[in-house]
Amino acid sequence: MIEKADSLQTQFSIGVKGTVRRTEKTPRGIEIVPSEIRILGIAQHPLPLDVTGRTPAEIDTRLNARVLDLRRDECGAVFRIEHVALEATRAFLSERGFVEVHTPRIIASATEGGAALFPVTYFEHDAFLAQSPQLYKEQLIMSFEKVFEIGSFFRAEESHTRRHLSEFISVDIEEAFAAAPDVMKVLEKLVRYVCGAVKKGCQRELEILKYRFDVPRTPFKRFTYDEILKELDGEGVDVPWGEDIPTPAFRTLGKIHPYFYFITDWPTKSKAFYINPQDENPKVCEGFDLMWQWVELASGGTRIHSKDLLIKRLTEHGLHPESFKFHLKVFDYGMPPHAGWAIGLERLIMMLTGKKNIREVVLFPRDRYRLTP
RNA sequence: GCCCUGGUAGUAUAGCUCGGUCUAGUAUAGACGGCUGUCGCCCGUCCGACCCGGGUUCAAAUCCCGGCCAGGGCGCCA
């Protein structure tokens with residue numbers, strides 16, 4: 001047995017039979033005096049990275065040996081926080097009558113235009129990976145009134161940044177008989193609740209990560225797009241009205257508003273076709289974004305529930321109403337007014353863990369250049 | 001898609017500006033030994049690297065070109 005104990009190496013999987021005793025000599029205050037040792041799995045040395053964490057490896061090296069990387073306390077802490085955040089999200093939404101649903105990942109045509117889709121071969125048809133559950137969740141509120149979905153979606157964007165992925169997890173809700181202000185309240189309360197749950201339930205993990213955050217107070221600040229433009233102008237950043245706000249401008253905003261805030265009343269043309277234009281001024285819509293510092297955490301809005309208007313907006317976006325006939329048909333069945341939003345889960349986890357690179361908070365990230373492991 | 005930066009042992013880095021004692025330094029990991037009832041304690045010895053191809057030169061880790069790979073930024077988007 002001594003010989004066997006002598007042959008043990010870092011990362012071996014072993015079974016030990018013996019007597020457990022208290023001791024002051026070990027970090028955990030216990031020791032096992034073995035009567036039998038079994039080697040269950042051996043490890044080939046040298047390992048591709050230092051599991052003790054004394055010599056930190058670069059993100060690329062770590063992702064190539066991700067399961068070993070996950071053995072590090074710091075890495076494990078991130079995903080335990082994610083677990084608690086998801087648990088809290090489900091509890092919060094279920095408590096408020098939202099029903100968890102699952103919509104298709106394989107779809108026949110583009111759901112929103114905008115973001116690029118990954119094509120897939122579906123028997124004798126061309127199909128795509130879903131970029132969002134948007135149209136399906138809207139349809140489902142006719143039956144369930146309030147729904148939510150937590151799942152992976154796909155964007156074939158060429159983005160190469162610390163906050164974009166090709167495959168990401170979206171936390172989506174949709175609610176009937178609701179408008180933007182209603183679902184904004186749900187959103188800010190959810191964020192507060194999740195922050196509270198993580199802060200309370202993940203003290204050890206946050207300590208490992210050496211990261212702290214304050215549970216935000218609600219309501220979050222609300223700024224209109226026009227107010228934001230004025231504020232940026234004051235900082236010497238010029239954004240022409242109607243344009244999306246460029247990333248460098250968001251970074252400036254993040255310095256002025258270092259926590260959560262909403263941006264509302266966006267120009268209609270800068271948002272998706274299904275966002276409702278305001279009655280009194282159709283150039284502006286009922287869409288909103290939830291920001292955390294300079295990062296867009298979530299976006300949502302009041303949806304169009306008039307079929308005619310929806311067709312008009314589709315056409316204005318250069319989309320063909322025929323490709324949306326199954327979706328449009330639903331609007332003939334008594335579609336109630338509704339609103340919803342979507343949170344980029346990974347971005348929320350970045351906020352909760354202090355990680356600066358979105359790949360840190362995904363077990364096996366997929367980005368423009370990474371398809372393995 | 002455009003732009004910038006970088007590729008030195010298993011890992012992380014020094015060296016590159018101003019080419020030559022670089023037979024490439026250091027840390028950590030690994031092997032072996034010592035020490036301590038244990039240790040992601042300490043000490044010692046050892047092992048191990050210039051991304052690929054071409055060019056310039058008497059001489060290239062170092063300069064130039066191409067490729068590949070990686071990181072980041074922008075646009076787009078969550």
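Per chain, numbering begins at 1; letters A, B, ... match sequence-line order.
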Report which part of the nucleic acid A:E346 touches: base, sugar-phosphate, or nothing (heavy-atom distance under 4.0 Å, all strands).
nothing
Counting only side-chain heavy atoms from C-beta out, which of B:A78, B:C74, B:G1 sits nearest to A:T247?
B:C74
Base-pairing assignment for B:U56 (Watson-Crick or G-U wobble, both under 3.5 Å)
none
Between A:Q131 (CD) and B:C77 (P), how many Å, whole number?
11 Å
Ionic contact status for A:E188 with A:R192, cut-off 4.0 Å
no
Given B:A29, B:U11, B:G1, which nucleotide is nearest the side-chain atoms of A:R54?
B:A29
Angle class for the A:Y261/A:F223 ring planes (parallel below 30°, perpendicular above 60°, tilted otherwise)?
perpendicular
Name the residue closer to the 5' end of RNA chain B, choosing between A:Y369 and A:Q9 according to the nucleotide with the nearest heavy atom.
A:Q9
Whether A:H317 and A:F273 hold their rings parallel, tilted or perpendicular, with breakpoints at 30° and 60°:
perpendicular
Side-chain atoms of A:E296 come closest, of B:G10, B:A78, B:G72, to B:A78
Would you mind pulling out the nucleotide paired to B:U23, Watson-Crick or G-U wobble, both distances under 3.5 Å?
none
Which nucleotide in the list B:U28, B:G75, B:U11 gets nearest to the side chain of A:T61?
B:U11
Taking the side chain as C-beta and beyond, is there a heavy-atom pair between A:V99 and A:K146 under 4.5 Å?
no
Can you tell which of B:A12, B:G1, B:G75 lies closest to the side chain of A:T161?
B:G75
Measure CD1/A:I59 against C1'/B:G72 and give the value in whole Å, please.
13 Å
Can A:F168 be called stacked on B:A78 when the rule is centres closer than 5.5 Å and an angle between planes below 30°?
yes
Separation between the C1' atoms of B:G54 and B:G30, rounded to whole Å:
37 Å
Starting at atom CZ of A:R163, determine the distance to atom C1' of B:G72, rounded to an integer number of angstrom.
11 Å
